[in-house]
Amino acid sequence: MSKSAKPAVAKLAVAKPAVAKLAVAKPAVAKPAVAKPAVAKPAVAKPAVAKPSVAKPSVAKAATVKPGAARRTALAIILAAGEGTRMKSALPKVMHRVGGLPMLGHVLGVAAASGIDRVAVVVGAKADAVREYIADAMPGARAYEQTEQLGTAHAVLAARKEFDTAADDILVLYGDTPLVSEATLSKLRKALAKGADVVVLGFRAPNPTGYGRLIEEKGRLVAIREENDASPSEKAIDYCNAGVMALSGEAGPRLLKSIKRNAAKGEFYLTDIVELANKAGKTVVAVEANAREVLGVNSRAELAMAEAQWQARARKAAMAAGVTLIAPDTVYLSHDTKIGRDTIIEPNVWMGPGVTIGDGAVIHSFSHLEGARIAGGTRIGPFARLRPGADIATGAHIGNFVEVKNATIGEGAKANHLTYIGDASVGAGSNIGAGTITCNYDGFAKHRTEIGAGVFVGSNSALVAPVKIGDGAYIAAGSTITEDVEANALAIARGKQVAKPGAASKIRARITRKIKQVGNTPKQ
Ligand code: UD1
Ligand code: CA
């Protein structure tokens, strides 16, 4: 990718102000940088490694504090032990993806972006996939097992060991509520900084059934009533508990430990903390969030709703950063998609994880991109498929029905129609004719095709790898190339044309005679 693609790369991941943040657990600096926060690095035509990304949350990097502000330390406990029965899935619920990133990744990402010092995740039994994901995405976060599902307070207390180390703020987040923003977490923490001990995130639910209702008296939050325990008048309240909560490190642990089992349901309700705190003379407040932001995912339908919300946010961020989306609702982005300024994305384009696009590119309709670096000034599609490791340099054209996988396409090179380029490199300015195929697989192993600069590959050529085509070489149309071609050579590898003057007339005459003998024209 060219250097020109570097400056204005829009980061869609977690739309947030460019303020220095505290990062939790050095976000895996030592690893090959796939899908990391990353300012797009100009990748100069190196044979791209790219797996389609390990799907790590985009996490902030810097570790500075705003001058003047006394820094409050924070612990986040993310509840992720729920079984997610309604998902009807072999995959743990929090591993289902939104914007190509597991829901848990979104929550880890917002925690890190908010400068939270310690992250604990409460996982269920048999949650190996979740543990592995945490270890990879945020090695500094600790996982705690909640063996029995005895309620939200019980889940928080599964991580009680974390309370041994003091924190000013304790945030309780849900792994299945992926859209909570950094701004909201900061509002909750501000309330703690002002002296609150319990801060509840509330929202106005169009249909409050099933949610805990916030019971207020004279503007004070006195209790949260769960659906089962609510009176008819309480059920009419539409101000609901989003689940996210912030507790002061001073009062929180003691209050949590004092929560008793709910007699009717036999569970430990985190929501009981509100009444307990009031009884203990602590300050309890509610902070209101947008209902869309606190959408909790319990079913596939809600997963689709969360996806729609997330996409809407990402598209807006892309457009705000200078990307033209002609029909935004039809363009799908991923958590780590980066698109440069003045790039135009036509309707119906899919971008899976690991896509970086430079400035001033045009992505035509119906293109499917994943794990691809696309430099500025390129033209992709319509109907292009760029698979992981596709690395398209400045000014290159990838046209309709062209598939590129693990291949670098040099500056200004063109593959305009009906081509497969896999495990290959194409030098600058080369032209790949329609119907060209790099035959990279022999049934046992993959092999590379190396095409130099300024090469002309005639239509319908098969390049049987491993094979090298030197700079400036010319491959005649319809060739099957099995041996290396040296620079500036012409290679023709096809059956020789035989011309028989007058033979066509003779054939025609013979057929006409036959038809006359039969006496009619052959039936269609
Ligand atoms: C909870 C709140 C309710 C709120 C709603 C918002 C309580 C008692 N109720 O209800 O006031 O309106 O969320 O969505 O807190 N979890 C565990 N272990 C458990 C139980 C739950 O890890 O033993 C996790 C779940 O994975 C989930 C979260 O906690 O991420 C919420 O649990 P869930 O059972 O969905 O709570 P609700 O009944 O919806
Ligand atoms: Ca729920």
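This chain uses plain numbering: 1 for the first residue, then up along the sequence. Read the numbers this way: they start at 1 and go in the same order the structure lists the ligands and their atoms.
- Ligand 1 has Ala242 within reach: a non-hydrogen atom of the residue lies less than 4.0 Å from it.
- Atom numbering of ligand 1 starts at 1 in the shown order; those under 4.0 Å from a heavy atom of Gln149 are 23 (O).
- Salt bridge Asp272/Lys260: absent, no basic N to carboxylate O contact under 4.0 Å.
- With ligand atoms numbered from 1 in the order given, ligand 1 contributes 17 (C), 22 (O), 25 (C), 26 (O) to contacts under 4.0 Å with heavy atoms of Gly82.
- Counting heavy atoms closer than 4.0 Å to ligand 1, residue Glu267 contributes nothing at all.
- Electrostatic pairing of Glu302 and Arg86 does not count as a salt bridge here, judged by no charged N lying under 4.0 Å from a carboxylate O.
- At least one heavy atom of Asp176 lies less than 4.0 angstrom from ligand 1.
- When Leu79, Ile78, Thr152 are ranked by how near their heavy atoms come to atom 21 (C) of ligand 1, first place goes to Thr152.
- Close N/O approach between Asn298 and ligand 1 is not found [any backbone or side-chain N/O within under 3.5 Å].
- Residue pairs that meet the salt bridge (Lys or Arg N to Asp or Glu O under 4.0 Å) test with at least one member in residues 147-166, sequence neighbours left out, are Arg118-Glu162, Arg142-Glu162.
- Note on Arg261 versus Glu267: no salt bridge recorded, every NZ/NE/NH1/NH2 to OD/OE distance being 4.0 Å or above.
- Nearest-residue assignment for atom 22 (O) of ligand 1 (options Pro208, Ala81, Gly124; heavy-atom criterion): Ala81.
- Taking 4.0 Å as the cut-off, Glu226 counts as a neighbour of ligand 1 on heavy-atom distance.
- With a heavy-atom cut-off of 4.0 Å, Leu150 touches ligand 1 through its backbone alone.
- Looking at Arg213 and Glu234, no side-chain N of the basic residue comes within less than 4.0 Å of a carboxylate O on the acidic one, giving no salt bridge.
- When Tyr211, Tyr174, Phe268 are checked for heavy-atom proximity to atom 1 (C) of ligand 1, Tyr174 turns out nearest.
- Looking at Asn241 next to ligand 1, an N or O pair under 3.5 Å apart turns up.
- In this structure, the ring of Phe203 has its center no less than 6.0 angstrom from the ring center of Tyr239.
- Comparing Gly151, Gly175, Pro92, Ala155 against atom 20 (C) of ligand 1, the shortest heavy-atom distance belongs to Gly151.
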Take Lys405 and Glu370 through the test salt bridge (charged side-chain N to carboxylate O under 4.0 Å, His left out) and record every step on the way to the result. CA-CA 10 Å; Lys405 183 216 77 173; Glu370 189 183 8; over 6 Å; no

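- Using a 4.0 Å cutoff on heavy atoms, Cys240 does not count as a contact of ligand 1.
- The shortest N or O to N or O distance between Gly243 and ligand 1 is not under 3.5 Å.
- Annotation: side chain of Val362 is not in contact with side chain of Thr343 (no heavy-atom distance under 4.5 Å).
- A salt bridge does not link Asp169 to Lys190: none of the charged nitrogens lies less than 4.0 Å from a carboxylate oxygen.
- Considering backbone and side-chain N/O atoms, Gly212 comes within less than 3.5 Å of an N/O atom of ligand 1.
- By the 4.0 Å N-to-carboxylate-O rule, Glu227 lies too far from Lys265 to be salt-bridged with it.
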